[in-house]
Amino acid sequence: MRAIQVREFGGPEVLVVRETADPVAGPGQVVVAMVAADVIYLDTLLRAGWGGEYFPLELPYIPGGGGAGRVLSVGAGVDTGLVGRHVLARGVGGYAERMVAEAEELVEVPEGVASPEAAALLHDGVTAQMLLAEGEPQRGEWVLVAAAAGGAGSLLVQLAKEAGARVIGAARGERKLSLARELGAEVTVDYAEPGWRERVVEATGGAGVDLAYDGAGGALGREVFDTVRKGGRFITYGSGGGALADIDPDQARQRDVTAVNALEAGSPDDETVRGLLAEALRRVAEGTLRPTIGTTYPLAGAARAHEALADRTTVGKSLLLI
């Protein structure tokens with residue numbers, strides 16, 4: 001099969017298409033013929049050699065955490081009725097024509113949901129719904145979504161709006177701001193422009209937002225924190241450039257702001273992930289949630305996908321179509 005193989009850590013140029021051996025399903029596993037592979041910012045950091053203590057990788061490796069496609073074959077102990085099923089699959093080596101996944105971790109894709117839409121939910125659908133539950137936006141509250149045109153941010157804008165919140169979308173550039181408005185943001189601000197924090201606070205009547213979701217991280221995430229009113233909530237999940245927003249606990253206490261690092265607890269258990277994926281897919285099938293797929297690339301375009309993510313030019317999700 002064809003796959004992207006990383007033989008050394010480095011820039012996007014290390015993402016090269018190579019012919020590799022077809023994977024074989026072991027006991028309890030399936031082989032999925034991939035149609036669409038998810039591409040996330042974490043992939044770019046791992047490719048560059050970041051995070052080895054958290055995500056140990058042995059070279060050479062095939063990047064990607066999964067995507068959507070159809071079950072091609074099954075291993076021992078797996079129901080043969082799964083063959084041909086349209087599924088969302090998590091696993092290692094998603095940037096490939098075929099990928100091995102654990103059968104019990106598959107989530108069936110509902111009728112009417114295409115593989116690219118399903119793949120767009122693999123990571124961000126889980127993240128967005130976890131953040132929604134963590135923040136619990138209430139009807140009438142002001143909610144700031146930073147990185148509102150990103151994969152998770154674009155879903156959060158919709159989910160917070162559905163909950164009855166008044167959403168402020170923050171992003172960089174009119175193209176991204178236009179998308180945030182299209183998805184339900186009542187107010188949009190460009191955080192590349194001076195004074196953007198003041199405009200957020202002004203939009204709320206001077207108090208600040210009740211809840212802020214920081215999908216940017218780093219120094220920008222600390223600025224997002226500054227827009228939260230006294231007694232409000234701040235949830236960070238962004239890691240721009242590999243850095244989370246470093247919030248001073250004393251400052252948070254002084255302002256009575258509940259500051260939560262959503263990544264601190266680690267990944268949820270497999271059962272929770274499957275439930276969140278099934279719920280996200282149900283919402284898409286019903287038309288109440290729309291994944292925003294900004295750009296798709298062929299398998300050989302993986303380097304271009306990583307370049308766009310690193311340059312922050314991506315709007316919505318980036319996918320590899322295989």
Side-chain angles (χ1 to χ4, degrees), residues 1-6 17-40 42-43 46 51-52 54-130 265-285 291 299 302 319-322:
M1 70 171 184
R2 293 186 312 135
I4 296 293
Q5 192 177 71
V6 175
V17 177
R18 301 187 187 278
E19 290 287 335
T20 65
D22 287 344
V24 177
Q29 296 180 327
V30 303
V31 173
V32 177
M34 301 292 286
V35 175
D38 190 18
V39 181
I40 60 175
L42 176 61
D43 295 345
L46 298 179
Y54 308 109
F55 307 96
L57 294 170
E58 291 186 13
L59 297 170
Y61 79 96
I62 299 173
R70 294 196 176 271
V71 177
L72 187 65
S73 62
V74 301
V78 179
D79 180 6
T80 57
L82 284 176
V83 175
R85 294 280 186 88
H86 189 196
V87 297
L88 192 53
R90 294 182 298 140
V92 177
Y95 291 16
E97 291 179 325
R98 300 178 181 184
M99 185 192 78
V100 170
E102 298 297 323
E104 64 179 12
E105 293 187 10
L106 299 177
V107 178
E108 190 152 2
V109 177
E111 197 71 35
V113 179
S115 284
E117 292 177 298
L121 298 171
L122 184 68
H123 293 97
D124 292 325
V126 173
T127 299
Q129 289 185 111
M130 286 179 59
S267 301
D269 60 73
D270 292 340
E271 184 178 357
T272 298
V273 169
R274 289 194 300 273
L276 291 171
L277 284 175
E279 173 64 13
L281 287 165
R282 181 190 65 78
R283 288 174 180 267
V284 173
L299 185 62
L319 299 173
L320 299 182
L321 299 186
I322 303 167

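Hydrogens, waters and symmetry mates are skipped; everything else that's a heavy atom, side chains included, is used.
Without hydrogens or angle criteria, R98 side chain to V32 main chain gives no donor-acceptor distance under 3.5 Å. Side chain of D79 to backbone of L82: no donor-acceptor contact under 3.5 angstrom is found.
Annotation for Q29 and V24: closest pair OE1-O, 4.3 Å, computed over non-hydrogen atoms. T20 and A3 make their closest contact through OG1-CB, 3.9 Å (heavy atoms, listed as atom of the first residue, atom of the second, distance). G94 and A37 make their closest contact through O-CB, 3.3 Å (heavy atoms, listed as atom of the first residue, atom of the second, distance). The shortest heavy-atom contact between A103 and V78 is CB-CG1, 3.8 Å. The two residues P291 and V284 make their nearest non-hydrogen contact at CD-CG2, 3.8 Å. V100 and P23 get closest at one heavy-atom pair: CG2-CB, 3.4 Å.
Listed by chain and number, the residues in a salt bridge (charged side-chain N to carboxylate O under 4.0 Å, His left out) with E104 amount to none (sequence neighbours excluded). Under the rule for a side-chain hydrogen bond (donor to acceptor under 3.5 Å, both in side chains), S73 has no partner lying at least two apart in sequence or in another chain. Residues that satisfy the side-chain contact (heavy atoms from CB on, under 4.5 Å) test with A302, not counting sequence neighbours, are I4, L15, Y95, L320. Residues passing the salt bridge (charged side-chain N to carboxylate O under 4.0 Å, His left out) test with E102, sequence neighbours excluded: none. In this structure, the side-chain hydrogen bond (donor to acceptor under 3.5 Å, both in side chains) partners of D270, at least two apart in sequence or on a different chain, are R90.
Counting heavy atoms from C-beta on, the side chains of P116 and L321 come closer than 4.5 Å. Using a 4.5 Å cut-off on side-chain heavy atoms (C-beta onward), V39 and L319 make no contact.
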Exercise. After noting the C-alpha distance and the side-chain angles of M1 and E19, does the key distance pass the side chain to side chain contact (heavy atoms under 4.5 Å, CB included) rule?
Worked result: CA-CA 6 Å; M1 70 171 184; E19 290 287 335; 5.6 Å; no
For this session: Apply side chain to side chain contact (heavy atoms under 4.5 Å, CB included) to the pair R2 and L299, showing each step before the final yes or no.
Result: CA-CA 9 Å; R2 293 186 312 135; L299 185 62; 4.1 Å; yes
For this session: Begin from the C-alpha positions of V30 and L106 and carry the test side chain to side chain contact (heavy atoms under 4.5 Å, CB included) through to its verdict.
Result: CA-CA 9 Å; V30 303; L106 299 177; 3.8 Å; yes
Problem set entry | Verdict with supporting geometry, V92 and Y61, side chain to side chain contact (heavy atoms under 4.5 Å, CB included) | CA-CA 9 Å; V92 177; Y61 79 96; over 6 Å; no
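Interatomic distance, L281 CG to R283 CZ, rounded to the nearest 0.5 Å: 11.5 Å. Going from atom CG of L277 over to atom CD of E108 covers 13.5 Å, rounded to the nearest 0.5 Å. For the atom pair D22 CG and L72 CG, the distance stands at 8.5 Å (nearest 0.5 Å). To the nearest 0.5 Å, the span separating CD1 on I322 from CE on M99 amounts to 9.5 Å. Once rounded to the nearest 0.5 Å, the distance linking CG of D269 with OG1 of T272 reads 3.5 Å. Distance OG/S115 to CE/M34: 9.0 Å, rounded to 0.5 Å.
Contact check on R282 versus E279 returns a salt bridge, with a Lys/Arg side-chain nitrogen under 4.0 Å from an Asp/Glu carboxylate oxygen.
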Return a table of donor-acceptor pairs under 3.5 angstrom between the side chains of residues 121-130 and protein atoms on other chains or two or more places apart.
{"residue": "H123", "atom": "ND1", "partner": "D38", "partner atom": "OD2", "Å": "2.5"}
{"residue": "D124", "atom": "OD2", "partner": "K317", "partner atom": "NZ", "Å": "3.2"}
{"residue": "T127", "atom": "OG1", "partner": "H123", "partner atom": "O", "Å": "3.0"}
{"residue": "Q129", "atom": "NE2", "partner": "G125", "partner atom": "O", "Å": "3.4"}
{"residue": "Q129", "atom": "NE2", "partner": "L276", "partner atom": "O", "Å": "2.6"}

